[in-house]
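Notes to accompany the following structure.
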Amino acid sequence: MSERFATVALDVPLARLFDYRLPPGLAPMVGQRIVVPFGKQVLSGIVVAVHAQQPALEQVRDALLAPSDMPALPEDVLALCRFCTDYYAYPFGAVLAAAVPGVFRLPRPWAGSTGTQAYVATDAAALLAQVPARARKQRALAQALAQPQSVAAIRQVAGDALRWVQGWLAQGLVAPARLPAAAAPGAMAGEIPLLNPEQQAAVAAIDAAQGFAPLLLYGITGSGKTEVYLRTIATARQRGQQVLVLVPEINLTPQLEARFRARFPHERIVSLHSGLADGERVRHWLAAAQGEAGVVLGTRLAIFTPLPALGLIIIDEEHDASYRQAEGFRYSARDVAVYRARLRQVPVVLGSATPGLESWKNARDARYRLLQLRTRAVAGARPPRIELLPTQRQRMHDGLAEPALQALREVLAAGRQALVFVNRRGYAPVLACHDCGWISACPQCSARLVLHLADRRLRCHHCGHEERVPAACPDCGNQDLKPLGQGSQRVESALAQLFPQANVLRIDRDSTRRKGALGEMLQQAHTGEADLLVGTQMLAKGHDFPGLDLVVVLNADNGLFSVDFRAEERLFAQLLQVAGRAGRAGQAGRVLIQTQYPEHPFYAALVAGDYAAFADAQLAERRSLALPPYAAWAIVRAQAREQATALAFLREAAAQLAGFPIQVAEPVPAAMARKAGWERAHVVLSAPGRAPLQVALRHLAATLSENPPRGVRWLLDVDPHEF
DNA sequence: AGCACGCCGACT
DNA sequence: GTCGGCGTGCTC
């Protein structure tokens with residue numbers, strides 16, 4: 001009998017796998033998790049191979065245990081993670097760790113490992129026979145356990161009832177059980193709206209799609225994309241397939257989940273996002289992995305969930321930045337989803353009113369099938385009327401021009417709601433001295449300190465540094481420091497003064513910090529209790545306010561002259577999204593955009609509401625400049641205590657890449673050259689296609705992880721979306 | 001990433 | 001005299 005070994009991927013930043021001897025009795029499957037000693041630590045990893053080949057090592061340690069709490073990751077999930085490792089040049093073990101719920105990364109079996117959360121008597125009579133006659137509660141529980149009982153139900157019997165069950169479990173009188181599928185709470189399916197012809201065509205195309213088929217569902221706000229999703233989900237369910245639906249943010253899952261449940265009262269629908277408690281996350285994940293959940297609704301992390309009967313993937317708001325993980329393993333869930341659809345040979349629907357230019361190009365090149373929804377689905381609803389409000393010659397009242405105030409007045413007089421969109425929180429973005437030119441600057445970052453007047457503090461929005469508002473200029477002693485520019489707090493207080501009779505409500509990250517605050521505020525906005533809303537981009541997404549007639553956008557110009565070539569694309573999506581908040585059945589909403597550059601071509605496209613024209617123009621520009629999506633990009637980012645150290649490291653890295661058929665730009669300091677006390681720099685790598693770039697990145701990542709630089713933190717950003 | 005070992009400053 | 005700073009070295 002020969003010895004057997006397991007090759008294990010561990011969550012360490014090393015592009016290496018580790019071999020362990022499997023002691024007798026330990027026979028894990030590929031994809032299963034395994035607990036192993038690692039240096040002085042004990043870690044949980046994933047088995048990637050089992051073999052009899054003696055590893056060429058001085059010492060091979062024994063694996064400790066292979067918990068069966070987590071079913072082995074199926075082949076397609078392993079392949080998906082392998083793809084990510086290659087594509088993002090990120091260690092396999094670290095990718096796998098991201099694909100698995102947190103409790104399965106701990107080096108011990110999960111306590112609730114049955115995954116069932118229920119128990120049943122193995123032999124009801126035997127169980128009852130050994131319970132003392134006087135222990136009435138125990139007898140009652142023992143009797144009840146003839147049928148599977150949920151943990152919650154067991155707890156109801158008595159405080160320590162679970163302890164009795166644990167005891168019986170040890171004696172083999174009780175076993176973990178699966179609860180019969182919960183009877184759906186007698187909800188009636190809501191009224192199913194009729195589809196307009198465009199929706200019908202979209203649904204028909206998705207339903208008929210076979211094998212790998214990417215479809216771009218380009219539909220304006222309110223065109224009824226969700227209804228299209230619901231219909232195609234219904235079809236997939238009739239075929240017995242599972243559907244994976246990705247949404248950008250946790251905030252949006254409860255809404256959508258409620259709508260899905262109302263439509264499919266008899267389906268097992270589970271959500272997966274980082275807001276779930278451990279136990280819930282695991283139960284939902286297992287339900288998906290065991291094929292019990294028909295619909296899985298989740299944020300980006302859900303893309304790695306095992307789904308044995310996967311038949312359709314839907315990505316809502318596919319252009320949204322939340323699909324990109326910005327820390328650690330940096331991936332785009334949208335791109336990973338498309339690859340997964342290819343692996344599984346299933347259709348993938350990418351829905352958006354403002355598709356990302358990558359997807360737009362794919363649709364233009366006929367790599368994706370384009371499905372368009374041009375009309376608002378609700379009868380009589382019309383797209384909002386977007387108007388520019390040039391501010392060069394206007395007298396401003398705390399950032400608001402007179403015509404904007406007039407429009408607000410009219411809306412309030414009519415008893416309707418208005419939203420003022422200011423994409424900056426705080427009172428003013430900077431505090432300045434007019435005598436000597438001092439401005440409030442962060443000592444740790446190359447950024448301004450934002451004035452927060454409510455608690456009289458200056459805060460850095462990048463590193464968390466804060467200080468008291470100085471009484472006088474620290475440089476010249478001038479006591480008259482002036483706040484420059486408008487933040488949401490300033491606009492809120494200005495509006496409260498200008499419209500004393502109105503109920504002004506500010507919704508931003510500061511005002512919603514408290515748990516549940518956002519929900520309460522949205523409720524107030526929804527019922528019309530608040531009639532003047534002031535909000536940052538938090539308010540742009542997904543929320544519908546039936547009473548909202550007017551949106552005023554302040555300082556939109558900020559995104560217009562950025563060094564980042566993607567800034568316009570983001571701004572367009574964002575402005576169209578806020579604009580979509582305005583309007584009600586029968587009457588178009590009005591959107592006023594204050595700008596100092598009304599002649600800028602960007603605004604012509606925006607006013608026309610023509611994203612297609614804008615996107616085509618952007619693509620033409622990108623093509624002529626050989627920018628993404630016409631080139632593959634990656635960035636090597638570095639930070640060090642000294643800028644020179646970071647740049648020297650990057651020059652070294654660039655030299656490593658000399659022989660590869662890729663373009664390596666000059667290393668430069670980052671746009672925010674200093675952040676939280678670190679000097680930052682980067683170098684852009686590009687190539688006409690992905691393949692040569694990937695090869696070069698893998699080489700660089702391997703070299704750097706084997707010989708880590710001193711005093712420099714580095715990372716690779718593949719398909720970067722920001723500078 | 002952890003977690004050791006390993007040599008130099010202000011404190012129970 | 002020790003506790004502890006983080007430099008660097010290793011993990012099957």
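Fair warning: this is a prediction, and the values are worked out from it, not measured in the lab. The sequence lines fix the lettering, A, B, ..., with proteins before strands; numbering per chain opens at 1.
A/S705 places no side-chain N or O within 3.5 Å of a backbone atom of A/L14 that could act as its donor or acceptor partner. Under the 3.5 Å distance criterion, the side-chain polar atoms of A/E652 are left unmatched by any main-chain donor or acceptor of A/F649. Formation of a donor-acceptor pair under 3.5 Å by the A/R33 side chain with backbone atoms of A/L106 is found in this model.
Here the C1' atom of nucleotide C/dC12 and the CD1 atom of A/I46 are 17 Å apart, to the nearest Å. Atom P of nucleotide C/dT11 and atom CG of A/L10 are separated by 13 Å, given to the nearest angstrom. Atom CG in A/L17 sits roughly 16 Å away from atom P in C/dT11 (whole-Å rounding). Straight-line distance from the CG atom of A/D11 to the P atom of B/dC3: 13 Å, rounded to whole Å. The distance from atom CG of A/L14 to atom P of B/dA1 is 10 Å, rounded to the nearest whole Å. Taking atom CZ of A/R16 as the reference point, atom P of C/dC10 lies 10 Å away to the nearest angstrom. Note: CG (A/L43) to C1' (B/dG2) measures 8 Å, nearest angstrom. Nucleotide C/dT11 holds its P atom 10 Å from the CD atom of A/Q59, rounded to whole Å.
Relative to the side chain of A/R710, the nucleotides B/dA1, C/dT8, C/dC12 differ in distance, and C/dT8 lies closest. When each of C/dC12, B/dC3, C/dT8 is scored by its nearest atom to the side-chain atoms of A/D19, the top-ranked nucleotide is C/dC12. Comparing atom distances between the A/P13 side chain and each of C/dC12, B/dA1, B/dC3 picks out B/dA1 as nearest.
Of the residues in residues 25-32 of chain A, not one places a heavy atom less than 4.0 Å from an atom of DNA chain C. Contacts of residues 635-653 of chain A with DNA chain C (heavy atom under 4.0 Å): none.
Residue contacts shown for A/F38 include a base, since a base heavy atom lies under 4.0 Å away. Across all strands shown, A/E58 has no heavy atoms under 4.0 Å from either base or sugar-phosphate atoms. Residue-level contact check: A/P708 touches neither bases nor backbone, having no heavy atom under 4.0 Å from any strand.
A donor-acceptor contact closer than 3.5 angstrom links the side chains of A/S322 and A/D320.
Residues A/L518 and A/M538 are in side-chain contact: their nearest non-hydrogen atoms beyond the backbone lie under 4.5 Å apart. Contact of the A/L64 side chain with the A/V42 side chain is registered, since non-hydrogen atoms from C-beta on lie closer than 4.5 Å.
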Please report, to 0.1 Å, the donor-acceptor pairs under 3.5 Å made by any side chain of residues 655-674 of chain A, with sequence neighbours excluded.
| from | atom 1 | to | atom 2 | distance (Å) |
| --- | --- | --- | --- | --- |
| A/R674 | NH1 | A/E679 | OE2 | 3.1 |

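Atom CD of A/Q345 has more than 12 neighbouring heavy atoms from other residues, nucleotides or ligands inside a 6.0 Å radius.
Results of the ring-ring contact (aromatic ring centres under 6.0 Å, His included) test with A/Y339 over A/F83, A/Y88, A/F212, A/Y331 single out A/F83 as the only residue that passes.
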